[in-house]
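What follows is a short report on a single structure.
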Amino acid sequence: MSAKITQKITPFLWFDTQAEEAAQHYVSVFGGDARIVGITHYAASAPGETGSVMTVDFELAGQRFTALNGGPQFSFTEALSLAVSCEDQDEIDRFWSRLSEGGEEGPCGWLKDKYGLSWQIVPAELPELLGQDAEKSDRVMAAVMGMKKLDLQALRDA
């Protein structure tokens, strides 16, 4: 009997030893539509410490992820980020606050969380604001470039 594929592509996130802690943190940030799906442990024949957590499968807003305790060989860079589409300023504020806590705020709605993973916290209507006439699009982009956490009303007013 083969396993049923529920998602064809799953982001696989490499952590040193904090996979379970990170997954639990992300689930707490995303709330009701987030959950830990499963945890695997290293077997004696695997490279990790026997019995320690190897992977944690979790879901955020319907998207499945796998976190791996792979060791210190690799770390996250801004070359990969996770974008969170927000309905309003309250959502932007909430995700920005929770995900940047213990991490680092960056420009243009980007931040690194306390595990070094990069996130973009953006209003869902940003593509629409950028897709208007060239002058409006330029004003919106200039406003984005001058912000850390994005201010939705300021972008609308640009």
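Although no hydrogens or angles enter the test, the distance criterion places no donor-acceptor pair under 3.5 Å between the side chain of Gln7 and the main chain of Ile5. A distance-only check finds no donor-acceptor pair linking the side chain of Ser97 to the backbone of Asp93 [under 3.5 Å]. Ser52 contributes a side-chain N or O that, together with a main-chain N or O of Glu49, makes up a donor-acceptor pair within less than 3.5 Å. A donor-acceptor pair under 3.5 Å is absent between the side-chain atoms of Trp14 and the main chain of Pro72, judged by distance alone. Judged purely by atom type and a 3.5 angstrom limit, Arg94 uses its side chain to pair as donor or acceptor with the backbone of Val29.
The nearest pair of heavy atoms linking Leu60 to Ala34 is CD2-CB, 3.8 Å. Nearest heavy atom pair, residue Lys136 against residue Leu129, reads CG-O, 4.2 Å. Phe76 and Gly116 make their closest contact through CB-O, 3.3 Å (heavy atoms, listed as atom of the first residue, atom of the second, distance). The two residues Ala43 and Thr50 come nearest to each other via the heavy atoms O-OG1, 3.9 Å. Minimum interatomic distance between Ala158 and Arg139 (heavy atoms only, all atoms of both residues): C-NE, 3.3 Å.
Using cut-offs of 30° and 60° on the angle between ring planes, the pair Phe95 and Phe30 is tilted.
Around atom CD of Gln73, more than 12 heavy atoms belonging to other residues, nucleotides or ligands sit under 6.0 Å away. Taking a 6.0 Å sphere around CD of Glu101, one finds it holds 12 or fewer heavy atoms contributed by other residues, nucleotides or ligands. Residue Glu135 places its CD atom among 12 or fewer non-hydrogen atoms of other residues, nucleotides or ligands, all under 6.0 Å distant.
Distance check: Gln24 CD to Ile36 CD1 gives 5.5 Å after rounding to the nearest 0.5 Å. In this structure, Gln63 CD and Ile9 CD1 are separated by 9.5 Å, a value rounded to the nearest 0.5 Å. Separating the CG atom in Asp157 from the CG atom in Leu152 is a distance of 9.5 Å, to the nearest 0.5 Å. Atom OG of residue Ser85 and atom CD1 of residue Ile121 lie 10.0 Å apart, to the nearest 0.5 angstrom. A distance of 12.5 Å separates OH of Tyr115 from CG of Asp16, quoted to the nearest 0.5 Å. Annotation: the span from Leu155 atom CG to Leu150 atom CG amounts to 5.5 Å, rounded to 0.5 Å.
Counting only N and O atoms by type, the side chains of Ser118 and Glu78 include no donor and acceptor under 3.5 Å apart. A side-chain donor from one of Asp113 and Tyr26 sits under 3.5 Å from a side-chain acceptor of the other.
Using a 4.5 Å cut-off on side-chain heavy atoms (C-beta onward), Phe65 and Val37 make no contact. Side-chain contact between Ser28 and Arg98 is present, with at least one heavy-atom pair separated by less than 4.5 Å. Side-chain contact between Met54 and His41: absent, with no pair of heavy atoms (C-beta onward) separated by less than 4.5 Å.
Under a hydrophobic clustering in which Ile, Leu, Val, Met, Phe, Trp and Tyr are joined whenever their side-chain heavy atoms come within less than 4.5 Å, directly or via other members, Leu80 and Trp119 fall into the same cluster. Hydrophobic clustering (side-chain heavy atoms under 4.5 Å, transitive across Ile, Leu, Val, Met, Phe, Trp, Tyr) keeps Phe15 apart from Tyr42.
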Please report the C-alpha distance between Cys108 and Met145 in whole Å, then the side-chain angles of each, then the deciding distance to 0.1 Å, and finally whether the side chain to side chain contact (heavy atoms under 4.5 Å, CB included) criterion is met. CA-CA 5 Å; Cys108 308; Met145 297 299 290; 3.6 Å; yes
Yes or no on side chain to side chain donor-acceptor pair (under 3.5 Å) for Thr55 and Thr66, after CA distance, side-chain angles and deciding distance? CA-CA 6 Å; Thr55 63; Thr66 298; over 6 Å; no
What verdict does the side chain to side chain donor-acceptor pair (under 3.5 Å) test give for Gln120 and Ser81, after you've listed the backbone C-alpha separation in whole Å, the side-chain angles of each residue and the deciding distance to 0.1 Å? CA-CA 7 Å; Gln120 297 178 56; Ser81 62; 2.8 Å; yes
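Under 4.0 Å is where a charged nitrogen must lie from a carboxylate oxygen, and between Glu105 and Lys112 no such pair does. Using a cut-off of 4.0 Å between Lys/Arg side-chain N and Asp/Glu carboxylate O, Glu104 and Lys114 are scored as not salt-bridged.
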